[in-house]
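Naming convention: chains lettered A, B, ... in sequence-line order (proteins, then strands); numbering from 1 in each chain. Keep in mind that the numbers below use all heavy atoms, side chains included, and drop hydrogens, waters and symmetry copies. None of the values given here were measured: they were computed from a predicted structure.
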Protein chains: 2
Amino acid sequence: MNTSQLCLGILCLGDASGYEIKKAIERTFSHFQATSYGSIYPALAKLTHQGLVSFHEQTQQKRPTKKVFTLTEAGRIQFFQTLMATEPTEQHRSDFLFLMMFAHLLPTEQNRALLEKQTAHLRSELDILERIINECPTLTPGMRFTLEYGIAANRALLRLMQGRSTALLREIDAARSPTAS
Amino acid sequence: MNTSQLCLGILCLGDASGYEIKKAIERTFSHFQATSYGSIYPALAKLTHQGLVSFHEQTQQKRPTKKVFTLTEAGRIQFFQTLMATEPTEQHRSDFLFLMMFAHLLPTEQNRALLEKQTAHLRSELDILERIINECPTLTPGMRFTLEYGIAANRALLRLMQGRSTALLREIDAARSPTAS
DNA sequence: TCGTTATATATCGGGGCAATATATTTATTG
DNA sequence: CAATAAATATATTGCCCCGATATATAACGA
């Protein structure tokens, strides 16, 4: 899913400026998509050029003028066609697991710190997702499902980290010097 | 984690050509890192220029000549320093969840197909990871842990998909036309 | 009042990814 | 047996993405 389609997806839910689109992506998709201004602004320029969105400048008191973008009918059709043609892929990038791959090269204290940071991160993600699902009763079933999905993954991983970290540190040390008892 | 550090990590485990590095990354890191030749070859050129790796051309019978790269002492030191300085981050990109976010715009049959594809994909990933962990007794504790991590996530998500898909499809349809019984 | 955060748009450089080019050999399949 | 596909091997290209930075204003808190 590229930034253009991400923008069309947000504009499907209502008009927004580039700045507001970024914030909406963070609010709505943050646990499974990300992007940046360096992608959004060029994407909006291209979408405008293609006639998939239009905009009007909205002057504000005591705020910079903003460009409010609207999805055009052509944009709505194109977005639907993209949805129909998109394969349900997933990718996971983890520097944490890369580091664990080389844990035998690192000091025990460093490994302990990495495991603790990762555990804290998973707990924090889980809390955020659970708060959203509990405090927003008007979510569509699809949106609710994306939260359930994130909660299921984070819960399972948090349980693994909590049950496995101590033994793992011992195993890494044991493998380091096989001669020591 | 950028492609240069990925290459150093692989070369830490033994000498290899660019082609072999790509295959080693797929074999060893595929469930949490990815890269391509378009990144690997420029990275190796840069690493050679920096003196972090060296290479010798190895002519082969009935195969193109290959450049076999070796980690230098400077490269080993630099890789260790990178490991010590890397934050244990994680990111998840899911076109599947993006599509679920807009499930109410798609025909029921399309949604059913998406859920089935995702379920099949999770099952296949789980099978691969379980086969590796069962058939490779010589893995380091860290490597074994990365597999346990992937297995835990895939198991939890597979359970969710199997228990939730049917009801989800009904809920999406029900939300589509609130007036229909 | 001084630093931080928020609103708002935009560009730049380095890097990443998918596709493509080239060449040879082995394996498969009709 | 011949045609085709897949594997081995290196490399480039073009498009896209991301983090950092620039610019400007204003609200907020210490």
Next item on the list: Would you mind telling me which residue lines up with the more 5' stretch of DNA chain C, B/Lys46 or B/Tyr37, judged by nearest nucleotide?
Entry: B/Lys46
Check: Is there any salt bridge (Lys or Arg N to Asp or Glu O under 4.0 Å) pair reaching into residues 155-164 of chain B, and which pairs are they, with sequence neighbours excluded?
Finding: A/Glu148-B/Arg164, B/Glu130-B/Arg155, B/Arg164-B/Glu171
Next item on the list: Taking only the side-chain nitrogens and oxygens of B/Thr35, find out if one of them lies under 4.0 Å from OP1 or OP2 of C/dC17.
Entry: yes
Item checked: B/Ser36 side chain, from C-beta outward: closest of C/dC17, D/dC18, D/dA9 -> C/dC17
Next item on the list: Would you mind telling me which residue lines up with the more 5' stretch of DNA chain D, B/Val68 or B/Arg93, judged by nearest nucleotide?
Entry: B/Val68
Margin query: Rounded to whole Å, how long is the line connecting atom CG of A/Asn2 with atom P of C/dA18?
Written below: 13 Å
Next item on the list: Answer yes when A/Glu26 and A/Lys23 have at least one side-chain N-carboxylate O distance shorter than 4.0 Å, and no when they do not.
Entry: no
Check: Which residues satisfy the salt bridge (charged side-chain N to carboxylate O under 4.0 Å, His left out) test with A/Glu87, sequence neighbours excluded?
Finding: B/Lys117
Check: Tell me: CD of B/Glu20 to P of D/dA7, nearest whole Å?
Finding: 16 Å
Item checked: Distance in angstrom units between A/Lys23 NZ and C/dT9 C1', rounded -> 15 Å
Item checked: Spacing of B/Met1 atom CE relative to C/dG16 atom C1', expressed in whole Å -> 15 Å
Next item on the list: Between A/Lys66 and A/Pro42, name the one whose nearest nucleotide on DNA chain C is closer to the 5' end.
Entry: A/Lys66
Notebook entry, point to check: Quick one: which of C/dA6, D/dA7, D/dC18 gets closest to the side chain of A/Tyr19?
Noted result: C/dA6
Notebook entry, point to check: For A/Ser39, which contact category applies under a 4.0 Å heavy-atom criterion: base, sugar-phosphate, or nothing?
Noted result: base
Next item on the list: Please report, rounded to the nearest Å, how far the C1' atom of D/dT8 is from the NZ atom of B/Lys22.
Entry: 13 Å
Next item on the list: Write down the distance between CG (B/Leu44) and C1' (D/dT12), rounded to a whole number of angstrom.
Entry: 15 Å
Next item on the list: Taking only the side-chain nitrogens and oxygens of A/Ser17, find out if one of them lies under 4.0 Å from OP1 or OP2 of C/dA8.
Entry: no
Notebook entry, point to check: From the list C/dG16, C/dA8, D/dA9, which nucleotide is the closest neighbour of the side chain of B/Tyr41?
Noted result: D/dA9
Item checked: Whole angstrom value for the distance that separates P of C/dC17 from CD of B/Glu26 -> 12 Å
Note to self: Using a heavy-atom cut-off of 4.0 Å across all strands, would you classify A/Gly38 as base, sugar-phosphate, or nothing?
What the structure shows: base
Check: Checking A/Ser124 side chain against A/Ala120 main chain: does a donor-acceptor pair fall under 3.5 Å?
Finding: no
Note to self: Nearest whole Å is fine: how far is D/dA9 P from B/Ile40 CD1?
What the structure shows: 14 Å
Item checked: Note: A/Arg176-A/Asp173 ion pair, threshold 4.0 Å (strictly below) -> yes
Note to self: Considering every strand and a 4.0 Å limit on heavy-atom distances, what is the contact class for B/Ala43: base, sugar-phosphate, or nothing?
What the structure shows: nothing
